[in-house]
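Input: a single structure, listed below in structure tokens.
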Protein chains: 2
Amino acid sequence: MASARQHTGQAADPSTPARPTGRDVARHAGVSQATVSLVLGGKWQGRVSSRTAETVRAAAEDLRYRPNLAARHLRLGRTRTALLVVPALSNDFFSRVHAGAARVAREHDLGLVLYPSPEGIAPAPDPFESTPATLDGVIASSMAPEALAALHGDLPLVMLDSDPAGTRAAATVNPDIADGMRRVAEHLLALGHRRIAHVSASVGSWTFHHRARALAQALAGTSASLVCTERSALTVAGGLRAATRALATDPRPSALVCDDDLLAAGACKAARRHGYRIPQDVSVTGFDDLDLATALEPELTTVRLPAEEVGATGMRALIGVLEGRQPDTALLPVALARRGSTGPAAGQRSPGAETG
Amino acid sequence: MASARQHTGQAADPSTPARPTGRDVARHAGVSQATVSLVLGGKWQGRVSSRTAETVRAAAEDLRYRPNLAARHLRLGRTRTALLVVPALSNDFFSRVHAGAARVAREHDLGLVLYPSPEGIAPAPDPFESTPATLDGVIASSMAPEALAALHGDLPLVMLDSDPAGTRAAATVNPDIADGMRRVAEHLLALGHRRIAHVSASVGSWTFHHRARALAQALAGTSASLVCTERSALTVAGGLRAATRALATDPRPSALVCDDDLLAAGACKAARRHGYRIPQDVSVTGFDDLDLATALEPELTTVRLPAEEVGATGMRALIGVLEGRQPDTALLPVALARRGSTGPAAGQRSPGAETG
DNA sequence: CCGAAGGAGTTATACGTAAAACTTCCCTGT
DNA sequence: ACAGGGAAGTTTTACGTATAACTCCTTCGG
């Protein structure tokens with residue numbers, strides 16, 4: 001077929017130019033590999049003359065040298081890399097957590113690998129199997145207890161938005177969920193709401209148990225009552241189903257407190273399908289202040305969690321652990337974003353509520 | 001302060017039990033390290049007796065042995081790991097792309113690291129600096145040309161949702177955007193819309209240029225006209241601003257075609273602030289079919305992109321490149337999701353449109 | 001004028017793994 | 001009886017880096 005002339009790539013094969021190693025740089029600069037390592041590692045003060053150092057840097061630049069990270073990791077035994085495990089990517093709470101953690105990691109010249117648990121909130125197969133690098137530490141956010149148990153290994157662990165007790169975590173960083181629920185309750189009480197329904201998520205994550213408890217506590221001893229709690233999947237469709245059930249209770253609640261903005265979006269749809277206006281007939285509150293909260297109409301009254309700060313604080317805590325310090329649990333302040341989805345309870349005049 | 005009795009951890013320090021190596025397993029099983037490597041690497045057929053193999057596996061299990069990935073990577077020169085670069089995490093298009101790519105990666109026993117470009121759509125600092133492992137390949141989604149240029153290096157590259165021409169990518173995988181826009185245009189034409197405004201994103205990503213061109217082409221030669229194109233940031237707030245401008249044109253457009261569901265959500269808010277009902281007074285279409293599309297009310301008519309399939313196909317293409325095959329460009333079919341945000345044009349009876 | 005002290009490097013080594021090359025033993029066919 | 005060959009291992013080596021340990025040279029104090 002091919003002419004005898006054409007003998008395709010059997011010798012001298014330069015298909016991959018074999019990326020340069022430190023030894024290549026050394027040869028090119030006329031020094032030893034050790035010197036290259038010293039210079040490029042920045043530890044050459046008093047070991048190498050600045051003239052030589054400059055030569056080495058030029059050679060490295062020239063050859064486009066990139067250190068082989070595998071070799072470095074093997075040598076050092078550490079990777080300066082942490083893993084951030086999140087239960088879902090589509091939820092922008094987690095992308096904000098990641099942004100915060102990534103910022104701090106960059107500031108400290110650490111690597112950060114994001115590991116989205118493939119099965120939603122369910123346990124990940126095994127982050128340590130599927131992660132390419134050996135890791136120095138792990139940050140896990142909003143993990144269900146069973147997923148947490150699967151996090152074997154002896155790596156330093158920082159938990160975010162998780163149960164501060166009963167884990168092997170070196171530190172825990174939480175937004176002040178209880179305070180958030182308290183603010184929601186106070187807000188609704190001030191608007192005159194007395195019959196409140198709770199739309200919750202059926203996932204096993206600790207944070208939702210915590211939210212439910214916090215709401216019950218916030219309403220305890222007030223003139224308002226929790227008429228029902230409906231659970232469903234943590235989706236808009238789930239919120240729609242749960243809120244439909246909640247609105248069927250008689251007499252119907254005047255406010256739906258949702259554990260998450262996704263659920264709240266579903267609750268809004270449910271209310272409208274029942275023919276109720278928001279907030280005139282039914283008030284709806286969310287939680288987390290996702291992007292979704294201000295995309296809806298009316299915009300959701302919700303609890304803004306300091307997601308970036310949670311991620312950043314978690315990363316700082318992990319760095320502390322790695323450096324041998326003994327960090328402790330952090331509780332970060334939250335805020336109530338009052339928006340259009342809540343208003344005075346229908347047929348009631350609340351004492352201090354606006355009347356216009 | 002502390003009693004003399006208490007001398008905290010200074011000798012015999014067993015704080016880190018020094019995780020076991022292959023040599024430890026070998027000692028424990030009474031074989032050589034090479035045998036351990038053969039057995040655990042699965043290549044012991046005809047090299048090691050099955051009895052010995054079982055012993056080795058038991059020893060590994062016993063010591064909870066995990067291979068040191070850094071050492072393996074150094075030895076093999078490959079990491080069996082790819083990088084997926086996405087411009088934003090909060091957009092669930094990308095989380096779906098990732099899900100698809102991750103599924104295929106898992107099936108092929110490859111690692112996949114997700115690299116969210118920190119500065120939104122802007123160029124990443126350098127994925128290769130901040131990524132812990134040396135990589136075998138890169139998949140990049142929806143990158144702006146300038147960001148693409150920054151992707152130096154000679155790694156095999158697969159581009160998703162990007163310009164098939166003028167890149168050094170070994171393969172490109174795109175949803176059929178042009179067909180999507182054509183379907184949107186046909187849908188609106190069938191509903192009787194003749195004055196159409198375009199709400200576009202001001203980001204440099206190729207996909208938005210492509211969408212704009214596709215819309216213009218789809219409307220060319222029809223009875224409808226494109227009354228204006230308004231650009232803004234790729235956010236709900238941006239869509240609100242752009243759509244507000246678009247609705248101010250006189251006579252006003254009866255339909256707003258948005259390049260993204262985020263923009264469409266903003267457009268819906270803009271329409272309502274003008275006092276227009278959706279879809280009775282103004283129809284709105286989105287693009288991408290994000291989760292947001294069905295969280296809104298009315299639900300958005302939008303183009304559903306096969307995001308998981310884009311990610312999966314991209315990953316398969318990369319695997320093909322890594323295995324030396326020569327893959328080519330793929331164009332994946334899209335669908336129009338007809339929902340509540342579009343309806344017959346006001347004051348017009350369209351030939352085939354429903355009249356109820 | 002000699003030993004000590006640095007300065008400026010180099011040489012050598014270890015990290016843990018995969019696999020090529022080697023060894024040993026036993027069986028088998030002629 | 002003996003070459004041949006496979007089974008069942010072992011020994012050895014290389015991957016690229018960081019750094020401890022070493023060498024050689026110059027300078028300087030006493």
Side-chain angles (χ1 to χ4, degrees), chain A residues 16-57 59-60 63-81 109 128 132-136, chain B residues 16-57 59-60 63-81 109 128 132-136:
Chain A
T16 312
R19 82 181 218 170
T21 73
R23 194 159 290 123
D24 295 326
V25 175
R27 238 189 311 272
H28 197 255
V31 298
S32 73
Q33 178 265 329
T35 303
V36 171
S37 185
L38 285 171
V39 170
L40 267 33
K43 311 190 175 170
W44 54 280
Q45 309 290 5
R47 309 269 288 114
V48 178
S49 72
S50 36
R51 216 170 61 79
T52 306
E54 201 39 59
T55 309
V56 168
R57 272 191 288 262
L63 299 179
R64 286 204 172 68
Y65 169 71
R66 305 274 150 187
N68 180 320
L69 297 179
R72 173 178 293 175
H73 295 161
L74 176 58
R75 174 70 233 254
L76 295 178
R78 302 165 295 118
T79 54
R80 297 186 59 76
T81 295
D109 201 32
F128 305 100
T134 311
L135 301 164
D136 284 359
Chain B
T16 311
R19 81 181 217 168
T21 75
R23 194 158 290 121
D24 295 327
V25 175
R27 238 190 311 271
H28 197 255
V31 298
S32 73
Q33 178 265 328
T35 303
V36 171
S37 184
L38 285 172
V39 170
L40 266 34
K43 312 190 173 169
W44 54 281
Q45 309 290 7
R47 311 268 287 115
V48 177
S49 72
S50 37
R51 217 170 61 79
T52 305
E54 200 40 58
T55 309
V56 168
R57 272 192 287 264
L63 298 178
R64 287 203 170 68
Y65 169 71
R66 305 273 149 186
N68 180 320
L69 296 179
R72 173 178 294 175
H73 295 161
L74 176 58
R75 176 68 233 252
L76 294 179
R78 300 165 297 116
T79 53
R80 296 187 59 78
T81 296
D109 201 32
F128 305 99
T134 310
L135 301 164
D136 284 358

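Within every chain, numbering begins at 1; the chains are lettered A, B, ... in the order of the sequence lines, protein sequences first and strands thereafter.
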Nucleotide of D:dG16, D:dT19, C:dG9 approaching A:Ala71 most closely (side-chain heavy atoms): D:dG16

What one should report as the nearest heavy-atom pair of B:Ala59 and B:Ala29 is CB-CB, 3.8 Å

Can you work out whether A:Gly46 or A:Gln33 has the more 5'-proximal nearest nucleotide on DNA chain C? A:Gly46

Can you tell which of C:dT17, C:dG9, D:dT11 lies closest to the side chain of B:Ala34? D:dT11

So if I take every side-chain heavy atom of A:Thr35 and compare against D:dC15, C:dA19, C:dG9, which nucleotide ends up nearest? C:dG9

Residue-phosphate contact under 4.0 Å: B:Ser32 side-chain N/O, D:dT10 OP1/OP2: yes

Taking for A:Ala53 and for B:Leu38 the nucleotide of DNA chain C with the nearest heavy atom, the one nearer the 5' end belongs to A:Ala53

Nearest to the B:Leu74 side chain among D:dC15, D:dT10, D:dT17, which nucleotide is it? D:dC15

Can you find a side chain N or O atom of B:Thr21 that sits less than 4.0 Å from OP1 or OP2 on C:dC15? no

Closest to side chain of B:Arg23, choosing from C:dT10, C:dT17, C:dA19: C:dT17

Is A:Ser37 near enough to D:dT19 that one of its side-chain N or O atoms lies under 4.0 angstrom from OP1 or OP2? no

Taking side-chain contact (heavy atoms from CB on, under 4.5 Å) as the criterion, tell me which of A:Val25, A:Thr52, A:Val39 meets it with A:Arg57. A:Val39

Which of these nucleotides, D:dG16, D:dG9, C:dG9, is closest to any side-chain atom of B:Val48? D:dG9

Of the listed nucleotides D:dT17, D:dG16, D:dT10, the one nearest the side chain of B:Arg47: D:dT10

